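Here the structure comes first, spelled out in structure tokens, and everything after it is commentary.
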Amino acid sequence: VSYLDDLSEQLSSVGVAGRQRARILAEIADHLSCDPSANLGAPDALARQFADELGTTRARHAAFTSFAALALVGMLFAAALMTFPGGVLGIPGNQPTPFAGDLGAGIMILASQVAFVAGTLAALRALHRRRDGVIARSEAVVMVRRSAVALGAGVATMVGMALVAVALRSQVAPWWPTLALVSAGVGVAALAAATPAALRAGRLRPVHAGGAGDMFDDLGPVTPGWLRGKHWTCAALTAAAVAIVVTIAGAVQADGYDGALRGILDGGACLAGFALLGRYLGLRA
Amino acid sequence: VRPESLKGHLDALILAVLASGPLHGYAIIEELKRRSGGVLALPEGTVYPALHRLEASGLLASSWEDGARRRRVYRLSAKGRRELGVRRGEWREFASVVEAVLA
């Protein structure tokens with residue numbers, strides 16, 4: 001078996017495939033034709049190095065690309081919510097909301113929070129590791145999962161917003177459903193444009209061993225010392241903070257009872273999200 | 001110079017070599033050896049993954065060059081040129097601090 005054949009096999013085994021592998025083999029073949037006695041290292045070690053370095057770069061790129069797309073989606077979402085004729089999530093004239101409108105609003109509220117948390121954590125981890133040539137496979141997996149969940153939740157947010165727009169088209173001024181539908185379309189297009197980066201990162205991962213870290217690696221020095229390692233306490237405090245903010249906002253907008261109800265639901269959703277996705281997204285061990 | 005001593009500096013060395021003009025992989029390695037008087041004898045295979053990574057990060061651009069042999073030629077991008085400036089500054093600061101301590 002020649003060096004190139006062996007390298008080709010090793011590259012395949014670590015996930016380097018297609019045009020990328022063909023290009024590497026062509027470059028190494030050129031190198032060997034310039035210097036047949038060149039010391040390029042063992043084929044398996046070289047293949048692993050390609051996977052480590054390219055997998056790391058791709059995971060980081062996926063995180064930053066997803067975050068950029070989500071930032072645009074966030075702006076569109078905020079613009080649509082803030083210009084809603086009845087105020088944020090309020091129906092003008094206290095008319096009954098169609099079921100599709102309630103469903104869309106529910107999807108929109110939950111998915112937007114998942115997208116924000118997953119996308120921000122993916123970008124934070126990528127930012128912390130921006131100067132590292134190689135990160136551990138498990139850490140890259142977490143970064144790509146966060147990006148993928150953020151993109152999926154971003155799409156769900158835009159679908160929810162479109163549902164609300166369609167359901168309420170006869171109850172609000174006609175310009176708002178148009179604005180919301182155009183915003184949802186632009187948002188979905190931005191998220192679709194960011195998806196190939198996440199797919200590429202999912203196909204090629206580093207092989208370097210090591211831990212994936214947890215939420216405290218993402219938050220860094222912001223976390224007080226006494227809270228480190230206490231994942232559920234941190235999640236409960238975050239949920240309580242979200243519940244208080246939502247309660248106050250709801251009380252100002254509607255009434256105290258409605259605000260408290262929204263606060264409890266949102267805080268509960270935070271904890272439920274942590275229970276369901278916390279391990280998958282590398283927030284807790 | 002032991003290869004592990006170069007860890008962390010390889011990117012800057014590659015960017016510096018490519019600042020003088022586009023080169024293919026083998027020529028980059030030869031230029032690294034020539035400029036260091038043969039002292040920087042790093043494992044040749046390690047340069048290729050670094051080239052691919054630097055390109056994926058947008059610091060390098062590359063294209064095929066058709067001649068007697070089909071070769072991938074690398075050149076510094078505008079982002080790579082800026083990064084080289086940053087790395088040079090960091091290295092000068094690091095070297096002067098270490099020199100001050102060791103002298």
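Owing to the predicted nature of the structure, the values given are computational and were not obtained by experimental measurement. Naming convention: chains lettered A, B, ... in sequence-line order (proteins, then strands); numbering from 1 in each chain.
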_Residues forming a ring pair (Phe, Tyr, Trp, His ring centres under 6.0 Å) with A:Phe274, sequence neighbours excluded_ =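 Listed in chain order: A:Trp232.
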*Name all residues meeting the ring pair (Phe, Tyr, Trp, His ring centres under 6.0 Å) criterion together with B:Tyr48; count only those two or more places apart in sequence or in a different chain, and write none if there are none.*
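Only A:His31 meet the ring pair (Phe, Tyr, Trp, His ring centres under 6.0 Å) criterion with B:Tyr48.
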*Using non-hydrogen atoms and a 4.5 Å limit, figure out which bit of B:Ala27 sits close to chain A: side chain, backbone, both or neither.*
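For B:Ala27, there is no contact with chain A at all, as no heavy atom is under 4.5 Å.
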*Under 4.5 Å between any side-chain heavy atoms of B:Arg71 and A:Cys34, yes or no?*
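When only atoms from C-beta onward are counted, A:Cys34 and B:Arg71 do touch, with a gap below 4.5 Å.
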Kindly list each side-chain donor-acceptor pair under 3.5 angstrom involving residues 89-103 of chain B, sequence neighbours excluded, with atom names and distances?
{"residue": "B:Glu90", "atom": "OE1", "partner": "A:Arg131", "partner atom": "NH2", "Å": "3.3"}
{"residue": "B:Ser96", "atom": "OG", "partner": "B:Arg92", "partner atom": "O", "Å": "3.2"}
{"residue": "B:Ser96", "atom": "OG", "partner": "B:Glu93", "partner atom": "O", "Å": "2.9"}

*Evaluation steps, side-chain hydrogen bond (donor to acceptor under 3.5 Å, both in side chains), between B:His52 and A:Glu27*: CA-CA 11 Å; B:His52 281 241; A:Glu27 288 187 84; 2.7 Å; yes
*For A:Arg23 against B:Ser62, the heavy-atom pair lying closest together*: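 Heavy-atom minimum between the residues: NH2-OG, 3.5 Å.
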Output the distance between atom [atom1] ([X]) and atom [atom2] ([Y]), rounded to the nearest 0.5 Å.
{"X": "B:Glu44", "Y": "A:Asp35", "atom1": "CD", "atom2": "CG", "result": "6.0 Å"}
{"X": "B:Arg72", "Y": "A:Ile24", "atom1": "CZ", "atom2": "CD1", "result": "11.0 Å"}
{"X": "A:Leu32", "Y": "B:Tyr26", "atom1": "CG", "atom2": "OH", "result": "10.5 Å"}

*asked:* Among B:Glu30, B:Glu55, B:His24, which residue has the highest count of heavy-atom pairs closer than 4.5 Å to chain A?
replied: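 Between B:Glu30, B:Glu55, B:His24, the count favours B:Glu55.
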*Heavy-atom pairs under 4.5 Å with chain A are the metric here; pick the option from B:Pro49, B:Ala56, B:Ser57, B:Ala50 that has the most.*
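Between B:Pro49, B:Ala56, B:Ser57, B:Ala50, the count favours B:Pro49.
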*Please list, in residue-number order, every residue in residues 43-79 of chain A that has a heavy atom less than 4.5 Å from any heavy atom of chain B; write 'none' if there are none.*
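Expected list: A:Leu46, A:Gln49, A:Phe50, A:Glu53, A:Leu54, A:Thr57.
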